[in-house]
There are 2 protein chains.
Amino acid sequence: MRSTAPTFSPLYRQIKDFLIASLERGEWGPGDAIPSEGELAQRFNVSQGTVRKAIDEMAAENMLVRRQGKGTFVSTHSDPRSFYRFLRLLPDDGVAVPSVSKPFFCEKIPASPEVARELGLRLGDPVIHVKRLLSFAGQTVVFDQLYLVGDLFNELTLEALRAGERSLYSLFESDFGVRMISAEERLRAVAADAESAGHLGVDVGAPLLLVERTAYTYGNKPVEWRRGLYCTAHHYYRNDLG
Amino acid sequence: MRSTAPTFSPLYRQIKDFLIASLERGEWGPGDAIPSEGELAQRFNVSQGTVRKAIDEMAAENMLVRRQGKGTFVSTHSDPRSFYRFLRLLPDDGVAVPSVSKPFFCEKIPASPEVARELGLRLGDPVIHVKRLLSFAGQTVVFDQLYLVGDLFNELTLEALRAGERSLYSLFESDFGVRMISAEERLRAVAADAESAGHLGVDVGAPLLLVERTAYTYGNKPVEWRRGLYCTAHHYYRNDLG
DNA sequence: GAGTGGTCTAGACCACATG
DNA sequence: ATGTGGTCTAGACCACTCT
């Protein structure tokens, strides 16, 4: 790891970058343990403290999860305690409830100007358009429209989406090897149009929370753009300003 | 340090707690430099690395700001680069613009059930009720109603609120010694009522973004509850899911 | 040059999980 | 008993800022 050439990034950051690249290559799958700090230190010829600092940063960014006595593990969307953190909607009483996803539309289309811009594609590049509803306790609360980079989700079908009880991101991770690491959301209040009103069981013109999300995988590469309409009559979007 | 159970907290955490208590006591004011890592290490009879870890955590929580070569400083809401991070509203083009706050109402009232619950007060305890408008580029975009713990903001008047160009939190910090450290927000889409519609220049029933915020000072003590109505016709609420 | 935070090392010991 | 992450030390040197 020590390089003779003049380099401007500290050792622990080079190690972090190497580990991220390894994750990207799929060297260790979601839920797997990565090598111990001691072993990595030997492998890179650095002290354990240096490896530790690299892993600390990655854990802070939710790419890895440390568990004392057991090891360090690759985060996974299947594990609620580590990677189930993108849905911020809670019922009024604040008590989280399992959600049920009901996809009902899936089609490959050419990217519109808006979608192309948000996903960093060229106009007309293939994207997968998905529509789904989300329910809490039997009540439909969210109408989502997803646009996925076509090259990465080539064989995605409605049947595949409907299989299993997993979250979408968990499915993307296990079936397509695409892991969502971070996302940026833009929120607005809008009036319900006819389609949304029908899906959510509200009147046309009723206020809905519009949530537009761009989701990124390793290297801040955008892979999903999503437009969700949330009915906030009995639920709210929670945000912690840390 | 703890008494409920024989659970021991690590050294660096005890040091962190001590530093937080010092900040709470006002030992170092906002913007001041705290003692250097070396000096603190001597003072506590620990190694510099242990002090460092305590400060690292506090910097990650935005209580302190490190500046290489200069020192470590107490965060302040007056400094845009460190503590001006609670307003998440941006114009559609994404380019931040300075905001102008126009308070127009300030009155001491007894806490309603809702306010008492959110602020951890008893029903009827004194709170300060403030109303203000926020503008971007001459356009009124936010109608805020604040409820402040009365004991901490005893002499707050409309004149004081109007003095200066500072943000409210900057004023609270310098004039009342109350520093907002973290906050929790709950967002909903609602229809504009008559008062809000008038202030924001929209029709009654137009969709508005309702943002309810509880803000906390040191020790997670709630000191402000706020209900804001955002007109999101040309602005959006930005949220990063890290 | 003096003082600060930032990186890195080598080694010790503690706390937790598992066989 | 062994292996893992978590804490702590003492000291070295680097990078940045100011005088």
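Numbers restart at 1 for each chain; the letters A, B, ... are given by sequence-line order, proteins then strands. Values in this document were obtained by computation on a predicted structure and should not be read as measured data.
Classification of A/E24 and A/K221 as a salt-bridged pair fails, no side-chain N sitting under 4.0 Å from a carboxylate O. Contact check on B/R188 versus A/D92 returns a salt bridge, with a Lys/Arg side-chain nitrogen under 4.0 Å from an Asp/Glu carboxylate oxygen.
With no hydrogens or angles considered, a side-chain donor-acceptor pair links B/E224 and B/Y169 at under 3.5 Å. In this model, a donor atom of one side chain and an acceptor atom of the other lie less than 3.5 Å apart for A/T76 and A/E173. Side chains of B/E212 and A/Y236: no donor on one and acceptor on the other come within 3.5 Å.
Rounded to whole angstrom, the span from the CD atom of A/Q42 across to the P atom of D/dG3 amounts to 13 Å. One atom, CD1 of B/I15, and another, C1' of D/dT9, lie 12 Å apart when rounded to the nearest Å. We find that CG of B/L40 is positioned 11 Å from P of C/dT4, with the value rounded to whole Å. Rounding to whole angstrom units, CD of residue B/E37 and C1' of D/dA15 are separated by 14 Å. The distance from atom CZ of A/F44 to atom P of C/dA10 is 16 Å, rounded to the nearest whole Å. Distance CZ (B/F8) to C1' (D/dG6): 17 Å, rounded to an integer number of Å.
Exactly one of B/L152, B/L156, B/N154, B/V223 qualifies for a side-chain contact (heavy atoms from CB on, under 4.5 Å) with B/F176. That residue is B/L156.
Using cut-offs of 30° and 60° on the angle between ring planes, the pair A/F44 and A/F18 is perpendicular. Using cut-offs of 30° and 60° for the angle between ring planes, the A/Y237 and A/Y230 rings count as tilted.
For B/H234 and B/F136, the distance between ring centers is not under 6.0 angstrom.
Distance from the side chain of A/Y12 is smallest to C/dT7 among C/dA10, D/dT9, C/dT7. For A/S36, the side-chain atoms get nearest to D/dG5 when compared with the rest of D/dC8, C/dT9, D/dG5.
Taken residue by residue, residues 64-72 of chain B places heavy atoms nearer than 4.0 Å to DNA chain D at B/Q68, B/G69, B/K70. Within residues 48-57 of chain B, the residues having any heavy atom under 4.0 Å from DNA chain D are, by residue number, B/T50, B/K53.
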